[in-house]
There are 2 protein chains.
Amino acid sequence: MNTKSHTSTPAYQQLKDHVLQMIEAEHWRGGDMIPPEEQLAKEFGLSRMTVNRAMRELVTERVLMRIRGSGTFVADTRYQSTLIEVRSIADEIKSRGDTYSSKLLLLQRTDDIAMIQTLGLPPDGPAYHSRIVHFENDVPIQLEDRHVNGLVFPGYINQSFENETPNEYMTGIAPAQGVEYWVTARQAPAFVRQALKMAIGEPCLVLHRRTRVRGTVATDVVLWHPASRYQLSGKF
Amino acid sequence: MNTKSHTSTPAYQQLKDHVLQMIEAEHWRGGDMIPPEEQLAKEFGLSRMTVNRAMRELVTERVLMRIRGSGTFVADTRYQSTLIEVRSIADEIKSRGDTYSSKLLLLQRTDDIAMIQTLGLPPDGPAYHSRIVHFENDVPIQLEDRHVNGLVFPGYINQSFENETPNEYMTGIAPAQGVEYWVTARQAPAFVRQALKMAIGEPCLVLHRRTRVRGTVATDVVLWHPASRYQLSGKF
DNA sequence: CAGTGGTCTAGACCACTGT
DNA sequence: CAGTGGTCTAGACCACTGC
């Protein structure tokens, strides 16, 4: 009957993790059919609805694809779309032969509730907030406004970021397992305009990115760039 | 009982649509609490699980936010959208359940030398130029400024683009084999501002893309979007 | 036809919020 | 404490696929 998993992670999430592991371990590969809902339900002692939720979510996350009447399949190759690179801005600048430098404007614990929720933390659960300006040949080129999940990166608050960008620090501790991003154009709010020494009215190219580690949001970062000094580019 | 809606659109989707309409009509505004699941279930004659599914999906789509123990609220923020995929804007709009339309502003042969060179054509070699505005629910959302290699797409100049976007037409003839793109933020030049009915000073999110077929540039397109109405997004 | 996913119900227990 | 969302069940009927 009711074998509720009081392990705090819900059953559908555990099933999702299991599927991801099977794919990760290449027991299931792109195009493979995976067991039908009913079978998974039996194996895991769940109702079909719970299995169905796990499957549906993995479809929205483009891990699986389903065809009604035939089955559920591991989605084909990981894309593409954009390599809005997980690459560090420092590397990017240095690879152009320019000089990279940075300035830490702010690094503190935050109690911003909305952000704490985004990070999937309890209301008091440690969340950190940092702001750093990145310079190319002493010209400010990016303002990094970052929030960090303190459970994933407990040492974040003690970093100086003199020899390492947050991006590099975090990649070393827990590599990203999933990234969502949005790109927008915005007029610069005052704190951005000042930090980047921008002209009034100059638009910003804004890259907002959320990175997941083991299913939870590990960091949420908003990267502000003066339109005149930065563009994204890519190829596929 | 079982009052299944055989209206082909599932109940949870109808409820989602209803919520979106309430927000659209500004009956519910950013930050407002919306009725609890149980009440919605009664009003719509649905089980709570079905209501819950609709709400959960709207949360993933960032339309709503929920706080356990307190309620469900309209998300403050703005609009969703897309990815830098080769996907057609028409599909993208339709998949959001919105109405797509377009208007052809210009379609002619061009003798723009720089562009002819970019397309790898001889100085007289056929190059075409088109401009189309794409609308979502009659709101202009993208100005497509496109140049086309006439050797790759000889029939381009004779299209009406009434039932097919240039993108769809070209994909049918010769699928892209390579794509380069740049994303920038720009203040809108006059012709863009007029075509998209933008406010003066509003920035544009500009996506510039070159597509290659058999090594040569088949098409060069600049997509202008009002910053307030469009953002790119994606995941990997 | 059997197998599969798509949707839905009518309950249930739990965790958390706010008073 | 009552109100709210988070999760789960054990069925059910349907639509579609492929044999």
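Please read all numbers here as calculations on a predicted model, not as lab measurements. Numbered from 1 within each chain, the chains take letters A, B, ... in sequence-line order.
- You'll find that the side chain of B/L46 is closest to C/dT9, out of D/dT4, C/dT9, C/dT7.
- The CE-C1' distance, from A/M55 to C/dT7, rounds to 17 Å in whole Å.
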Next on the checklist: Reading 5' to 3' and counting Watson-Crick or G-U wobble pairs with both distances under 3.5 Å, write the dot-bracket notation for DNA chain C, | for bases paired outside the strand.
Outcome noted: ||||||||||||||||||.

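- Spacing between atom CD of B/E37 and atom C1' of C/dA10 amounts to 14 Å, rounded to whole angstrom units.
- Within the 4.5 Å cutoff, the side chain of A/P166 has heavy atoms near those of the A/Y156 side chain.
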Item to check | Full working for side chain to side chain donor-acceptor pair (under 3.5 Å) between A/R146 and A/S130 | outcome: CA-CA 5 Å; A/R146 183 184 292 274; A/S130 64; 5.0 Å; no

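- Here C/dG5 presents its P atom at 11 Å from CG of A/L64, a figure rounded to the nearest Å.
- Picking from D/dC16, D/dG5, D/dC8 the nucleotide with the shortest atom distance to the side chain of A/R68 gives D/dC16.
- Residues passing the side-chain hydrogen bond (donor to acceptor under 3.5 Å, both in side chains) test with A/E38: none are found, sequence neighbours excluded.
- Put simply, A/T72 has no side-chain N or O that comes within less than 4.0 Å of OP1 or OP2 on C/dT4.
- When the P atom of D/dG5 is taken as reference, atom CD1 of B/I34 falls 8 Å away, rounded to whole Å.
- Listed by first and then second residue, the side-chain hydrogen bond (donor to acceptor under 3.5 Å, both in side chains) pairs involving residues 116-129 of chain A are A/H129-A/D145 (not counting sequence neighbours).
- Residue A/T219 holds its OG1 atom at 11.5 Å from OH of A/Y169, rounded to the nearest 0.5 Å.
- For B/S47, counting side-chain heavy atoms from C-beta on, the closest listed nucleotide (C/dG5, C/dT9, D/dT9) is C/dT9.
- The side chain of A/Y12 places an N or O atom within less than 4.0 Å of a non-bridging phosphate oxygen (OP1 or OP2) of D/dT7.
- Between B/S70 and A/S70, it is A/S70 whose nearest contact on DNA chain C lies nearer the 5' terminus.
- Atoms CD1 (A/I113) and P (C/dC16) sit 14 Å apart, rounded to a whole Å.
- Heavy-atom nearest nucleotides on DNA chain D were determined for A/I67 and for A/R48, and the one closer to the 5' end corresponds to A/R48.
- Within the structure, a side-chain polar atom (N or O) of A/R66 is placed less than 4.0 Å from OP1 or OP2 of C/dG6.
- For the pair B/R53 and B/M49, nearest-nucleotide mapping onto DNA chain C gives the more 5' position to B/R53.
- Aromatic ring centres of B/F44 and B/Y12: separated by at least 6.0 Å.
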Checklist entry - Step by step, would you call A/Q13 with A/D17 a side chain to side chain donor-acceptor pair (under 3.5 Å)? => result CA-CA 6 Å; A/Q13 182 61 54; A/D17 290 342; 3.0 Å; yes

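- Whole-Å rounding puts the B/N52 CG to C/dC13 P distance at 18 Å.
- The interatomic distance linking B/E38 (CD) with C/dA12 (P) rounds to 12 Å, in whole Å.
- Summarising the geometry, the separation between CE on B/M33 and C1' on C/dT17 is reported as 11 Å, rounded to the nearest angstrom.
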